[in-house]
*Asks:* 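I am attaching a structure below and will ask some questions about it afterwards.
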Amino acid sequence: MYPNLSVDVAYGQYLIDLLSIEIEDPKKFEFQSNKTNKEFHESGLWDEVYRYSNLSESKDSTKILEANNIGKYMKALYKIKGDDSFITNYWNRREAAGLMPNELAVLGLINLRSDYTDYFHRRILVLEFSF
């Protein structure tokens with residue numbers, strides 16, 4: 001998507017573009033292939049990051065996508081968050097707000113001033129937009 005940018009700069013540009021471009025072709029911003037998406041679900045990682053819940057107790061109720069704040073993903077971030085201000089702030093926001101609309105998530109990631117040379121920071125961005 002950004003062949004002339006370094007990987008860390010491309011991550012930041014991706015976020016900026018998500019906010020600034022009138023997205024006529026949302027597929028342009030998808031970064032998971034069908035194979036990768038299948039692996040994400042089959043590995044169980046999707047279930048650790050996200051979950052569905054029902055709006056009511058009836059079997060006919062609508063399912064809504066939520067952040068899984070008690071899954072291994074959030075527990076792992078909790079264990080390492082004290083060592084990294086970006087991860088600490090991200091964890092606090094994710095724990096308090098759950099799954100955020102894309103605009104809020106993007107603004108939050110930009111305002112937290114992530115270091116996209118950092119492996120974990122890049123993974124957070126990828127997981128935030130992988131549902």
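Keep in mind that the numbers below use all heavy atoms, side chains included, and drop hydrogens, waters and symmetry copies. Along the sequence shown, residues carry numbers from 1.
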*Asks:* Calculate, to the nearest 0.5 Å, the distance between atoms CD1 and CG belonging to Ile124 and Asp84 respectively.
*Replies:*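 Ile124 CD1 to Asp84 CG: 7.5 Å, rounded to 0.5 Å.
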*Asks:* Taking atom OG of Ser114 and atom CG of Asp8, what is their separation to the nearest 0.5 Å?
*Replies:*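 Ser114 OG to Asp8 CG: 10.0 Å, rounded to 0.5 Å.
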*Asks:* Closest approach of Tyr2 and Tyr14, non-hydrogen atoms and distance?
*Replies:*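 Distance-wise, the nearest heavy atoms are OH-CA, 3.4 Å.
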*Asks:* Under a 4.5 Å cut-off applied to non-hydrogen side-chain atoms, are Tyr11 and Leu109 in contact?
*Replies:*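 Contact flag for Tyr11/Leu109 side chains = no.
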*Asks:* Rounded to the nearest 0.5 Å, how far does CG of Leu77 lie from NZ of Lys79?
*Replies:*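 It comes to 11.5 Å.
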*Asks:* Taking all atoms of both residues into account, what is the closest heavy-atom pair of Lys81 and Asn92, and its distance?
*Replies:*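 Result for this residue pair: NZ-OD1, 3.8 Å.
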*Asks:* Which heavy atom in Ala67 sits nearest to a heavy atom in Leu99, and how many Å separate them?
*Replies:*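 Ala67 and Leu99 have their closest heavy atoms at CB-N, 3.6 Å.
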*Asks:* Out of curiosity, Asn69 CG to Met74 CE, how far, rounded to the nearest 0.5 Å?
*Replies:*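 The CE atom of Met74 is 4.5 Å from CG of Asn69, to the nearest 0.5 Å.
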*Asks:* Supply the atom-to-atom distance Asp47 CG to Phe40 CZ, rounded to the nearest 0.5 angstrom.
*Replies:*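 Separation between the atoms: 9.0 Å.
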*Asks:* Within a radius of less than 6.0 Å around CZ of Arg123, do more than 12 heavy atoms belonging to other residues, nucleotides or ligands occur?
*Replies:*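 Yes, enclosed.
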*Asks:* Flag yes if Tyr90 and Ile70 sit in one hydrophobic cluster, no otherwise; membership is Ile, Leu, Val, Met, Phe, Trp, Tyr, and two members link when side-chain heavy atoms are under 4.5 Å apart.
*Replies:*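 No; tracing contacts between hydrophobic side chains, which count when under 4.5 Å, never links both residues.
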*Asks:* Counting N and O atoms only, with roles assigned by atom type, does the side chain of Arg51 sit under 3.5 Å from a partner on the main chain of Leu65, one being a donor and the other an acceptor?
*Replies:*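 No, Arg51 side chain to Leu65 backbone: no donor-acceptor pair under 3.5 Å.
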*Asks:* Using side-chain heavy atoms (C-beta onward) and a distance below 4.5 Å, is Phe120 in contact with Ile87?
*Replies:*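 Sidechains of Ile87 and Phe120: in contact.
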*Asks:* Describe, in one word, how the ring planes of Phe86 and His121 are oriented to each other, choosing from parallel (under 30°), tilted (30 to 60°) and perpendicular (over 60°).
*Replies:*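 Plane angle between 30° and 60°, so tilted.
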*Asks:* Less than 4.5 Å apart, side chain to side chain, heavy atoms only: is that true for Tyr116 and Leu15?
*Replies:*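 They are in side-chain contact.
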*Asks:* I need the Trp46 CH2 to His41 NE2 distance, nearest 0.5 Å.
*Replies:*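 Those atoms lie 5.5 Å apart.
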*Asks:* If you define the side chain from C-beta out and look only at heavy atoms, does anything of Val49 sit under 4.5 Å from Arg94?
*Replies:*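 The answer is yes; the side chains approach within 4.5 Å.
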*Asks:* Looking at Asn111, I'd like to know if its CG atom is crowded, meaning that more than 12 non-hydrogen atoms belonging to other residues, nucleotides or ligands lie closer than 6.0 Å.
*Replies:*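 Counting other residues, nucleotides and ligands, CG of Asn111 exceeds 12 neighbours.
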